[in-house]
Structures are given as C-alpha cells and as structure tokens.
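Structure, as structure tokens:
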Amino acid sequence: MADLAERAVTVDGATVPVRPGQTVAGVLLGLGRSSWRNTAAGRPRGLFCGIGVCFDCVLTVNGVREVRACLRLAEPGDVIETDEPR
Amino acid sequence: MTVVVVGAGPAGLHAALAAANAGADVVVVDGATEVGGQFHRRPAGEAGPPVARRVLDHPRITVLGDTSVWSVQPGRRLHLVSGPADSPGAKMSTVDASALVLATGAHDRVLPFPGWELPGVLTAGAAQTLAKTQRLAPGRRVLVAGTGPFLLPVAAALLDVGADVPAVLDATGPIAVARGWVTHPATLLRGANLVGQLAGHATILARHRVRYRPRTAVVAAHGDSRLTAVTTARLDADWRELPGTRREIAVDALAVGVGFTPRTELAVAAGCRLDGEFVVVTAAQVTSVPGVFAAGEITGIAGARTAAAEGTLAGLAAAAWVGRPISRRRRAAALRRVRHARGHAAALAAAWPVRPGWHGWVTPETVLCRCEEVDHAALAAAVRDRDVTGVRSLKLSCRIGLGRCQGRLCGTNAIELADALRAELGQPPLTDRAALAGRPIATPVRLGDLAALHQPPERSSP
C-alpha cells in the first residue's frame with residue numbers, strides 16, 4: 001500500500017496512482033473526467049489540441065495556476081486542482 | 001560558432017545530425033522532454049527512432065529538452081525558458097546562434113461548427129497523442145472526421161487502445177483526391193508510397209468494421225456538459241451541405257482535423273519572409289534572413305519523410321554558413337532527395353484542400369474564438385458595423401485572437417469568414433494579414449521568471 005501512495009497524486013483531494021510518462025491530462029481523462037475548467041462564460045473545457053497551443057486544458061498544479069494539463073507530466077506528490085463543475 | 005536548431009522533430013533531428021557530421025557544434029532546443037517532435041510521440045520508456053539515438057549520442061550535439069524559445073532578437077539571439085511545462089522558477093537563458101535552423105513544425109487545423117467547443121471534441125492530433133503516449137481513448141465511441149490522409153492513422157491508433165470507432169468521415173471525395181494528386185505527376189512515386197501506407201490503415205479499419213464515408217462532415221455537435229451526439233451531412237464538391245442528408249450519430253468523442261497550420265512565429269520574429277502561411281526558402285532551405293534556415297512543416301505541409309530530407313539540407317547549409325566544408329556529393333544527394341519530396345506538399349494541398357462551403361456550417365451563435373468565446377455574430381457585427389479593414393482592427397473590435405492561444409486556432413478561420421463577409425459587402429479582403437502571425441512572446445513566460453533575468457544570482461551566506 002505504501003508503494004501506491006509513493007507514486008500517487010491528488011486530484012481535488014482524492015488520491016490517484018500515477019505511472020511514469022502520464023500527463024496531468026492523462027490522469028484526468030483516465031478518471032473519466034472530460035472537463036476540468038470553466039470559461040469566463042461558465043462553459044466547461046478539457047483537452048482539445050493536446051500539444052499546448054490551445055490553452056483550453058489549464059488547471060492548478062501545486063498551487064500554481066495556468067498549467068497546461070496536456071504538457072505537464074504528473075509527478076508523485078503533485079496536488080492537482082480543477083474548477084468546480086458548474 | 002554554434003548552429004542552433006529549434007525543434008527536434010524529423011526536420012530538426014536530421015538538420016542537427018547533418019550539421020554535426022559536417023563538423024559544426026550544434027545545440028538542439030525542444031519543448032518536449034523527449035526528442036522526436038509530434039511525429040515520434042510514443043509511450044514512456046519506448047525507444048525512439050534511430051535518428052534520435054544518433055543525435056543524443058553525438059559528441060558535437062547538445063540537446064536542451066523541456067526548453068522553449070520565447071523570443072528571437074536581431075543577430076539570431078534566442079531567449080530560452082527551461083523547465084517542466086508552465087512551472088514557476090523556470091531556468092532562463094540566452095544563446096547567440098551563429099546559424100539558426102527553424103524546424104518548429106505544425107499543429108492541427110480545425111474548422112468551427114456548432115458545438116465544437118464541447119468537452120469530448122478534440123483535434124485528430126490530440127486523439128492520436130492520447131492513444132500513443134497515454135494509452136487512452138478520449139471516449140468509448142469516437143468518431144473521426146475532417147479531411148486528409150492523417151485521419152486513417154488516427155482511427156487506427158484509437159482502435160489500438162480499444163475505442164469503438166463507428167466511422168471515419170472525409171469531406172473530400174476520392175475522385176477529387178485523385179484529381180488533385182495527378183496534377184503533380186513528379187510525386188506519383190511518393191504518392192504510391194502514401195497509398196501503400198493508407199492501404200495498410202484501411203485494412204485495419206475494415207477488420208474493425210469502421211465505415212469510411214467520403215464527402216461527409218460533422219456539421220454540428222450536441223451535448224450539455226459534454227459531447228453526446230453529432231450531426232453529419234453529405235457535402236458537394238465545395239463542402240456545402242447537401243439538403244436532406246443530415247444524420248445523427250450518438251458518440252461521446254469526436255476527433256477532428258482538416259490538415260495542419262505551420263508554427264511560424266519564431267520565423268516571423270527572426271524577420272523571415274512568408275508566402276501565405278509558410279516560410280519562404282530557397283532550394284537549399286535558406287530563408288530571406290542571412291544565417292537563418294528553415295525545414296519541415298513550416299515550409300510546407302508534406303509529412304515526416306520530406307521534413308527529414310529538408311532538415312538534412314538545412315543542416316548542411318547551416319554548417320556551411322559557419323564555415324564547415326561541405327562535401328559536394330553529400331549536398332547533391334540531399335538536394336536530390338528534397339527535389340523528389342518537395343512536390344509532395346503541393347500534391348497534398350491539391351488533393352485535400354479545405355473548401356469554403358464550411359462557412360455554411362457556421363451559425364451566428366457558433367464560437368469562432370474558443371479562448372475569448374467570440375461567436376460569428378460578433379465577427380459579423382465588427383465587419384459590418386465597425387469599419388474593420390484589417391486583421392488588427394478586427395482583433396481589437398471583437399476580441400478574436402486576443403486570448404491565450406493568440407489566434408493560433410482561430411486566426412485562419414476568422415480571416416476567411418471575415419473576407420467572405422467583406423466580399424458580400426463588395427469590399428476587398430482584410431489587410432495586415434500578418435498581424436496574427438507575429439507573436440513577440442512566442443510561449444508563455446511568468447513575470448517572476450522574466451524579473452529574475454535582471455537580478456544578480458543569489459549569493460550563499462559566508
């Protein structure tokens with residue numbers, strides 16, 4: 001069990017195991033989340049371009065906002081926070 | 001005397017190798033952790049292509065991964081930012097390139113339609129990357145649509161990770177593809193190669209009973225907080241919707257792409273001349289700026305093989321620029337390979353062009369600029385009522401292109417739609433079209449990291 005916790009992140013407080021090479025977007029999509037951000041008009045967004053040019057997929061990692069989930073590798077201990085679904 | 005290569009995809013890797021083998025010192029810069037670019041995206045731990053190994057092992061090549069160029073200044077001075085994506089405390093550095101090879105590649109082009117901003121709709125490239133590197137499908141039932149030879153390998157990658165792919169829709173019909181292709185007979189051999197690849201993918205699709213529907217497109221996507229269904233329609237040769245052909249399909253993901261948009265912002269910053277979307281280069285991959293060379297998708301969308309051949313030529317030219325002797329035989333061989341390859345871009349564009357009938361899929365409420373959520377009604381109001389004559393005034397009037405992506409996704413589409421509206425009004429096309437191509441800060445940089453550039457390094461206490 002200690003092994004799993006060592007290779008895990010939290011997503012909105014819930015502990016989720018991660019594998020090497022997994023992006024934050026990969027973690028979220030693997031959980032079945034298709035959106036994790038609300039636009040200014042309150043519309044949901046998730047992954048779109050997958051290579052870091054559209055900025056739809058940004059969320060907060062370790063307290064830092066505006067991190068592109070499609071580019072950022074998920075490291076053990078990362079604290080990932082998304083917008084509340086509206 | 002350092003040759004700097006920006007981009008470690010097929011073009012950049014071959015440029016680095018050619019320059020280094022000619023005796024130049026080379027630095028390769030790429031934003032990803034692993035080299036290979038978009039083309040060679042692969043799961044963690046899997047070996048890359050042989051050229052990647054040769055670059056990584058080469059004594060005269062230094063690879064700077066997780067590193068992006070955020071600014072190009074006169075004199076080929078490059079400002080770099082290094083670190084995990086969007087992480088604070090990035091390492092800032094500057095390098096003066098004796099010769100600069102730009103091989104920055106391309107990203108998917110997507111056309112807007114009602115509902116395209118719903119979660120579950122993603123680019124064809126995103127779907128393929130998700131499948132290849134994360135071993136995930138974006139949904140259980142994924143439709144693939146758009147145009148171009150890229151759709152088939154995307155569908156194959158999705159099937160490989162267990163997705164149900166009911167159909168692949170291509171807006172272009174096979175006769176139009178063939179007609180476009182044979183206008184460039186010099187590339188028929190290369191075309192035969194492509195046909196072979198596509199036939200391989202087609203076999204996989206047939207085995208999984210994936211329907212291939214030409215002259216068909218997704219004209220609307222439906223759902224509340226995520227995609228649940230799409231409306232498809234048959235098209236005429238100009239991509240106008242044929243009445244009475246709409247059908248609804250229940251899907252929870254849609255992978256779309258109509259080709260690729262070159263990433264030319266660094267070339268623009270360096271002062272390179274563009275022709276339309278692409279960087280102008282000589283037969284030897286030399287741009288309009290002395291000491292700056294370009295290769296791969298930014299000179300024309302032609303795929304990985306052409307990019308590799310162009311990269312080799314650009315690397316040789318860069319090595320020559322810094323004074324390394326170049327074997328005439330090697331250069332001639334590289335030129336021959338590129339000559340065969342160069343017609344490929346024109347043939348691809350002729351076989352799978354984007355036709356203007358897509359304008360008819362757009363309603364006033366269709367979002368055109370995803371970042372700023374600007375719809376077609378706002379663009380139309382700006383063009384009709386606010387005396388917008390150029391791209392810059394269009395941006396300032398309705399906010400299209402002012403968001404985070406800086407017009408990368410919406411720019412080409414917005415300009416096309418605005419030009420069409422102006423034509424209806426008897427007005428000429430928008431001027432100042434390069435206003436969306438220039439991005440002085442090419443990649444986001446945190447203010448704290450910029451401020452740290454001018455601070456002395458911290459001293460340790462005695």
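Below, chain A is the first sequence line, B the second, and so on; all start at residue 1.
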Are there residues of residues 58-67 of chain A whose heavy atoms fall under 4.5 Å of chain B's heavy atoms? If so, which?
Val58(A), Val64(A), Arg65(A), Glu66(A), Val67(A)

Quick one: closest heavy-atom pair of [X] and [Y], and the distance?
{"X": "Glu373(B)", "Y": "Arg45(A)", "result": "CG-NH2, 3.9 Å"}
{"X": "Ala44(B)", "Y": "Pro20(A)", "result": "CB-O, 3.6 Å"}
{"X": "Ser34(A)", "Y": "Pro119(B)", "result": "O-CB, 3.4 Å"}

At a heavy-atom separation under 4.5 Å, does Leu47(A) approach chain B through its side chain, its backbone, both, or neither?
both

Taking side chain to side chain contact (heavy atoms under 4.5 Å, CB included) as the test, write out the residues that go with Ala377(B), two or more places apart.
Pro364(B), Asp375(B)

With rounding to the nearest 0.5 Å, note down the distance linking [atom1] in [X] to [atom2] in [Y].
{"X": "Leu71(A)", "Y": "Ser87(B)", "atom1": "CG", "atom2": "OG", "result": "12.5 Å"}
{"X": "Cys49(A)", "Y": "His107(B)", "atom1": "SG", "atom2": "NE2", "result": "8.0 Å"}
{"X": "Leu409(B)", "Y": "Asp56(A)", "atom1": "CG", "atom2": "CG", "result": "8.0 Å"}
{"X": "Cys57(A)", "Y": "Leu122(B)", "atom1": "SG", "atom2": "CG", "result": "11.5 Å"}

Please determine whether side chain to side chain contact (heavy atoms under 4.5 Å, CB included) holds for the pair Val367(B) and Arg43(A), giving the CA-CA distance in whole Å, both sets of side-chain angles, and the decisive distance to 0.1 Å.
CA-CA 12 Å; Val367(B) 167; Arg43(A) 301 297 299 150; over 6 Å; no

Between Gln406(B) and Val53(A) (side chain of the first, backbone of the second, donor and acceptor by atom type, cut-off under 3.5 Å), is there such a pair?
no

Give a yes or no on this: more than 12 heavy atoms of other residues, nucleotides or ligands lie within 6.0 Å of atom CG of Leu31(A).
yes

With the side chain counted from C-beta on, respond yes when Glu117(B) and Thr39(A) share a heavy-atom pair under 4.5 Å apart, and no when they do not.
no

Side chain to side chain contact (heavy atoms under 4.5 Å, CB included) assessment of Gln134(B) paired with Val27(A)
CA-CA 9 Å; Gln134(B) 307 296 297; Val27(A) 171; over 6 Å; no

Any residue meeting salt bridge (charged side-chain N to carboxylate O under 4.0 Å, His left out) with Arg226(B), in chain and number order, not counting sequence neighbours:
none

Listed partners of Arg109(B) passing side chain to side chain donor-acceptor pair (under 3.5 Å), at least two apart
Asn413(B), Glu416(B)

Of the listed residues (Gln38(B), Arg370(B), Arg408(B)), which shares the most heavy-atom pairs with chain A below a 4.5 Å separation?
Arg370(B)

Checked Thr129(B), Val121(B), Asp66(B), Thr33(B) vs chain A; the most non-hydrogen pairs under 4.5 Å come from Val121(B)

